[in-house]
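Numbered from 1 within each chain, the chains take letters A, B, ... in sequence-line order.
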2 protein chains.
Amino acid sequence: MIIDKNSPVPQYFQLQTWLMEQIDQGVFKPGDRIPTEEELSGITGLARATIRQAVQNLVNMGHLERKRRLGTFVLSREQTRDQRPLIGILIPDIRSGYAPELARGAQDEAARSQYSLILCNTDDLAIKAAHHADRLIEHRVGGVIFVPTAAPDQQNIRILETFRQRGIPVVLADRPLADAECDLVTTDNFEGGRTAVRHLVSLGHTRVAVILSTLYSSERARLAGFHAALAEAGVTPSPELIVTTDDPFSEKKCEQQARALLKRYPGFSAVFAGHDRIAYQVMAAADDMGIRIPADISLVGYDDLNIPHSVSVPLTTMHQPIYEMGVESMKQVMRRVHGDTGEWVERVLTSRLVERSSVAELRPGRR
Amino acid sequence: MIIDKNSPVPQYFQLQTWLMEQIDQGVFKPGDRIPTEEELSGITGLARATIRQAVQNLVNMGHLERKRRLGTFVLSREQTRDQRPLIGILIPDIRSGYAPELARGAQDEAARSQYSLILCNTDDLAIKAAHHADRLIEHRVGGVIFVPTAAPDQQNIRILETFRQRGIPVVLADRPLADAECDLVTTDNFEGGRTAVRHLVSLGHTRVAVILSTLYSSERARLAGFHAALAEAGVTPSPELIVTTDDPFSEKKCEQQARALLKRYPGFSAVFAGHDRIAYQVMAAADDMGIRIPADISLVGYDDLNIPHSVSVPLTTMHQPIYEMGVESMKQVMRRVHGDTGEWVERVLTSRLVERSSVAELRPGRR
DNA sequence: TTTGTCTAATTGTATAGACAAATATACAAA
DNA sequence: TTTGTATATTTGTCTATACAATTAGACAAA
């Protein structure tokens, strides 16, 4: 029996549910005609008005289509005016760093499957991320790509949870989050930092300075790579050559730190900058102080920002596959949207050193 | 009489229309209770089932809300479970030029009203824009900010029309479109070009070269400003100093053109570049050819890209209020979404000259 | 070939009436 | 004060019935 007259569930709703089941199970396939209202009335024992109420709801939901004189038909997933999912992307600031590249990669991949991308700037603030999250939920996004904010992991996890509670899959991009139960697409910041500093070491630099912010786990990993590379070479870095801050990047603060560091010259022969914008500040400060790059000091950056090549010295830097990170994040979130419930995936993309002109071999005789 | 029994228009539909009119005219205000189904039955002479059909439709559309025992209520625009509108933004490429700044301005303004922004990259291709347009329509965006593609105006107009047919308001950003019937937020490219070249003229430069692409109306307007400023000074520019292309910007092509132009030195003393990326190519080429900026040649750009200031020569350039353009575009499209049906608005933001170090006064004696 | 007409099938619109379920409100009881 | 209970009101669900509108397809006419 399809309909239980004694159930507290309204009979039109029972019928509606039954019809959906038939469609989901493929009994009524897309394009099929379902029984006429008269027939359904006979099958279920309900009045035609009740049948209509059930069918109307499914029509409203986009699962069925009525055609006068012909009957009522099952719509295929494509015909369903049920829109394709929206995907939200939460990034710090579309204007800065790798964000444009990441967003573009994600958008291109989304477009390939005719998905659309909602852009949210968090400014690395958990509170802004939370507001955007509410909005994304309201818009019923199918999934989210989330670059964790600079806030403590716990706050980022909370944002993650708001999505999780609603069954919205989230893929973390770029920065991992401790204890986060979700997919992650990132780059090998530890390996990258090690590669960069190994390069310096291989050219004879042992007194290597580093300058970066410890606010972000990605930069902390690069710092760890820095230590690892020096340790391999049997070098213990002197503390005064490790310049860190736990504030977000600011040109002014960074310039001050760069100047302070450069005053110690010639106490070191190379600088590893946590990212390119820091590197360019170091470059500008060195220029100003009459220190030549790479003759006096070698400099390695991180990110490989696309800068017009009229800079005074083309920067040797670690190139991150940011565009690809956007693509992979989107691919992964789309897999989840399509119902993939497999193990959490951790995808680590490898960065590579791009040698330009800001690094020189250390002249023998100096150390 | 509310209902015309002889009309071919179904009576439930007549009632539905009437109810909407009452709401729109403020007879039933948001939060008000409309007459009970019984009362409406009395007023219209229709059966309760018919009343329900009309009311149900309005409930489905999000205009009314039923509460058991209390009645049926008019929802305010905000309560409407109808999500807050999405706004689409169609820009060439989020990675390049002013796009990030524009997108950020738009997104910030959207966030203030809790709107969300769907990002679409057109790569200046009409076909991509059209695909994105379909997607945006599918997602029922409330409005669109559209930076016209580099394709002929007619093709852009066609995209505009697809939105218009569905009552989706469009605001053009940055580039105007001939005969386009919609709002426009742009900057004064003609004035900007004139200001830049006037600046050169005021420092004694009369033999001024220009290099830009005529593919975009914005750059064409800057070229017109270039001519205007020279005309004011009674100077007729020599044709070989006007270097144009009608291809989109490419580093390679631009570098070739810059080199070709610079070979004519000292046939001119200043260059006006159509935008900063061109300017930086000129700067690099000059560097390479041993021509000093600004000692030998003065250089003015356009856009004021936020470049780390380790470039060899800080660029004097026209700063465009791009962020503000994003904000204003969003404000305007939101006004339209909220039902503003006033005259088409044309908002022109003014750019300003930012003097840095790439322009020098022409030494007297030379011309 | 094209055009018009008829027919039967199916959804669309509409009525009249009945009982169910939820709930604001008032009032009673603890 | 809090808690329970009754009541009236309104929407929610459902039946049974009738006729209208639309249209695929068959068939006829031009």
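Counting to the nearest Å, the P atom of C:dA14 and the CG atom of B:Asn57 are 11 Å from each other. Note: CD (B:Gln16) to P (C:dG12) measures 15 Å, nearest angstrom.
Remark: B:Thr341 pairs with no residue by the side-chain contact (heavy atoms from CB on, under 4.5 Å) rule, at least two apart or across chains. With sequence neighbours left out, the salt bridge (charged side-chain N to carboxylate O under 4.0 Å, His left out) criterion links A:Arg33 to A:Glu39. Taking the salt bridge (charged side-chain N to carboxylate O under 4.0 Å, His left out) definition, one finds that B:Asp174 meets it with nothing, sequence neighbours left out. Residues satisfying the side-chain contact (heavy atoms from CB on, under 4.5 Å) criterion with A:Glu343, sequence neighbours excluded, are absent altogether. Listed by chain and number, the residues in a salt bridge (charged side-chain N to carboxylate O under 4.0 Å, His left out) with B:Arg48 are B:Glu37 (sequence neighbours excluded).
Applying the salt bridge (Lys or Arg N to Asp or Glu O under 4.0 Å) test to residues at least two apart or on different chains, the pairs with a partner in residues 109-132 of chain B are A:Arg104-B:Asp123, B:Glu109-B:Arg112, B:Asp123-B:Lys128, B:Asp124-B:Arg175.
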Letter per nucleotide, 5' to 3', of nucleotides 5-14 of chain D [B base touched, S only sugar-phosphate touched, - untouched; heavy atoms, 4.0 Å]:
---BBBBBBS

Show me the dot-bracket string of DNA chain D, counting Watson-Crick or G-U pairs under 3.5 Å, with | for pairs to another strand and [ ] for crossing ones.
||||||||||||||||||||||||||||||

Given A:Asn60 and A:Gln56, is the side chain to side chain donor-acceptor pair (under 3.5 Å) satisfied, shown in steps?
CA-CA 6 Å; A:Asn60 288 340; A:Gln56 185 60 53; 3.1 Å; yes

Name every donor-acceptor pair, under 3.5 Å, that has one atom in a side chain of residues 162-173 of chain B and the other anywhere in the protein, sequence neighbours excluded.
{"from": "B:Thr162", "atom 1": "OG1", "to": "B:Ile159", "atom 2": "O", "distance (Å)": "2.6"}
{"from": "B:Arg164", "atom 1": "NH1", "to": "B:Glu181", "atom 2": "O", "distance (Å)": "2.8"}
{"from": "B:Arg166", "atom 1": "NH1", "to": "B:Thr162", "atom 2": "O", "distance (Å)": "2.9"}

